[in-house]
Amino acid sequence: MEGLSPEEWTAVRLSLKVAFVAMAASLIPGIAIAFLLERGRFWGRQALDVLVHLPLVLPPVVVGWFLLIGFGRRGPIGAFLAEHFGIVFSFRWTGAALACAIMGFPLLVRAIRLSIAAVDRKLEDAAGTLGAHPVWVFGVVTLPLILPGIIAGMVLSFAKAMGEFGATITFVSSIPGETQTIPSAIYAYTQVPGGEGGAMRLTLVSIVISIAALWLSEWLARRVRGRVHA
């Protein structure tokens with residue numbers, strides 16, 4: 001990593017920022033949606049399930065195109081946000097974070113949902129019979145039990161954001177210093193003569209970050225499981 005150029009360092013820092021923001025912004029909605037899909041019984045549940053997992057099966061460029069139509073400066077949502085709140089997503093790093101969050105959201109929800117399904121409901125019922133409020137039951141009983149799934153979902157969401165290309169380049173293009181993340185920078189290097197070195201350096205950086213994220217998630221999951229069992 002010592003041989004990275006300033007432009008490559010900018011792409012690495014931007015990728016980390018986009019991935020972290022996408023993961024953090026998805027976390028609370030992901031937990032809520034996972035609970036709705038796993039525990040909820042309401043009309044439209046199947047439609048919500050399909051909508052949440054749709055980015056997994058749609059081509060990423062299609063997701064990016066829909067984002068451009070909806071959140072672009074002339075889109076209904078994008079125009080409203082820009083006019084009333086000054087928030088602009090298209091061709092900004094915030095738009096890259098939005099695209100990455102949407103693409104990684106199904107993976108986050110799936111991991112948390114599987115963890116919720118594995119929780120022994122008798123433990124929650126026992127806390128409820130002792131007079132504990134549902135919010136207290138969730139914070140003291142349910143949340144510690146599903147923490148490994150939450151951590152796994154966060155890592156999957158982060159990894160997806162680090163590698164996302166199609167949706168981001170369609171929605172926010174590849175602007176150096178603003179929206180050019182590691183994948184789009186690698187693609188740009190492959191399009192110019194002599195760019196193989198830069199593409200290889202960024203590829204190695206991406207591999208190192210991915211391995212570090214996986215190791216950290218396993219370490220955190222082991223610590224959480226140890227505390228839960230204790």
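Within the 4.5 Å cutoff, side-chain heavy atoms of Phe105 are placed close to those of Ile33. Contact annotation: the side chain of Val88 never approaches that of Thr94 to less than 4.5 Å [non-hydrogen atoms, C-beta and beyond]. Residues Met103 and Phe165 form no side-chain contact, since every pair of their non-hydrogen atoms from C-beta on lies 4.5 Å or further apart. The side-chain heavy atoms of Phe91 and Phe171, taken from C-beta on, include no pair separated by under 4.5 Å. By the 4.5 Å heavy-atom criterion applied to side chains, Arg39 and Arg121 are counted as neighbours.
A distance of 9.5 Å separates CD1 in Ile116 from CG in Leu36, rounded to the nearest 0.5 Å. To the nearest 0.5 Å, atoms CZ (Arg201) and CD (Glu8) are separated by 4.0 Å. Expressed to the nearest 0.5 Å, how far CD1 of Ile112 lies from CZ of Arg110 amounts to 12.5 Å. Rounded to the nearest 0.5 Å, atoms CD1 (Ile209) and CD1 (Ile182) are 4.5 Å apart. Once rounded to the nearest 0.5 Å, the distance linking CG of Leu156 with OG of Ser26 reads 12.0 Å. Separating the CE atom in Met154 from the CG atom in Leu216 is a distance of 9.0 Å, to the nearest 0.5 Å.
Considering all non-hydrogen atoms of both residues, Thr10 and Gly177 come closest at CG2-CA, 3.7 Å. The shortest heavy-atom contact between Leu14 and Trp93 is CD1-CB, 3.8 Å. Considering all non-hydrogen atoms of both residues, Ala22 and Cys100 come closest at CB-CB, 3.9 Å. Nearest heavy-atom pair, Val141 versus Pro144, reported as atom, atom and distance to 0.1 Å: O-CD, 3.4 Å. Between Leu108 and Ser157, the shortest heavy-atom contact is CB-CB, 4.3 Å. For Arg45 against Leu37, the heavy-atom pair with the smallest separation is NH2-O, 2.5 Å.
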Discussion item. Please determine whether side-chain contact (heavy atoms from CB on, under 4.5 Å) holds for the pair Thr181 and Ser184, giving the CA-CA distance in whole Å, both sets of side-chain angles, and the decisive distance to 0.1 Å.
Written reply: CA-CA 5 Å; Thr181 56; Ser184 56; 3.6 Å; yes
Side-chain donor-acceptor pairs of residues 53-74 under 3.5 Å, sequence neighbours excluded:
unit_1	atom_1	unit_2	atom_2	d
His53	ND1	Asp49	O	2.9
His53	ND1	Asp49	OD1	2.9

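Note: the hydrophobic cluster containing Leu51 does not contain Leu107 (ILVMFWY, side chain heavy atoms under 4.5 Å, direct or indirect links). When hydrophobic clusters are built by joining Ile, Leu, Val, Met, Phe, Trp and Tyr residues whose side-chain heavy atoms come closer than 4.5 Å, directly or via intermediates, Ile175 is not grouped with Val18. Linking ILVMFWY side-chain heavy atoms closer than 4.5 Å, directly or via other members, places Ile87 and Leu98 in a single hydrophobic cluster. Each of Ile186 and Leu204 belongs to its own hydrophobic cluster when Ile, Leu, Val, Met, Phe, Trp and Tyr are linked at side-chain heavy-atom distances under 4.5 angstrom.
Judged purely by atom type and a 3.5 angstrom limit, Ser15 uses its side chain to pair as donor or acceptor with the backbone of Ala11. Between the side chain of Ser206 and the main chain of Leu202, no donor-acceptor pair closer than 3.5 Å is present. Judged by distance alone, the side chain of Glu83 and the main-chain N or O of Phe85 form no donor-acceptor pair under 3.5 Å. With hydrogens and angles disregarded, a donor-acceptor distance shorter than 3.5 Å links the side chain of Thr179 to the backbone of Val172.
Among residues at least two apart or in separate chains, ring-ring contact (aromatic ring centres under 6.0 Å, His included) pairs with a member in residues 14-51 are Phe35-Phe138.
In summary, the side chains of Gln180 and Tyr187 do not present any donor paired with an acceptor at a separation below 3.5 Å, with no hydrogens or angles considered.
In Gln46, the CD atom is not crowded: 12 or fewer heavy atoms of neighbouring residues, nucleotides or ligands sit closer than 6.0 Å.
Residues meeting the side-chain contact (heavy atoms from CB on, under 4.5 Å) test with Ala19, sequence neighbours left out: Phe158, Ala161, Met162.
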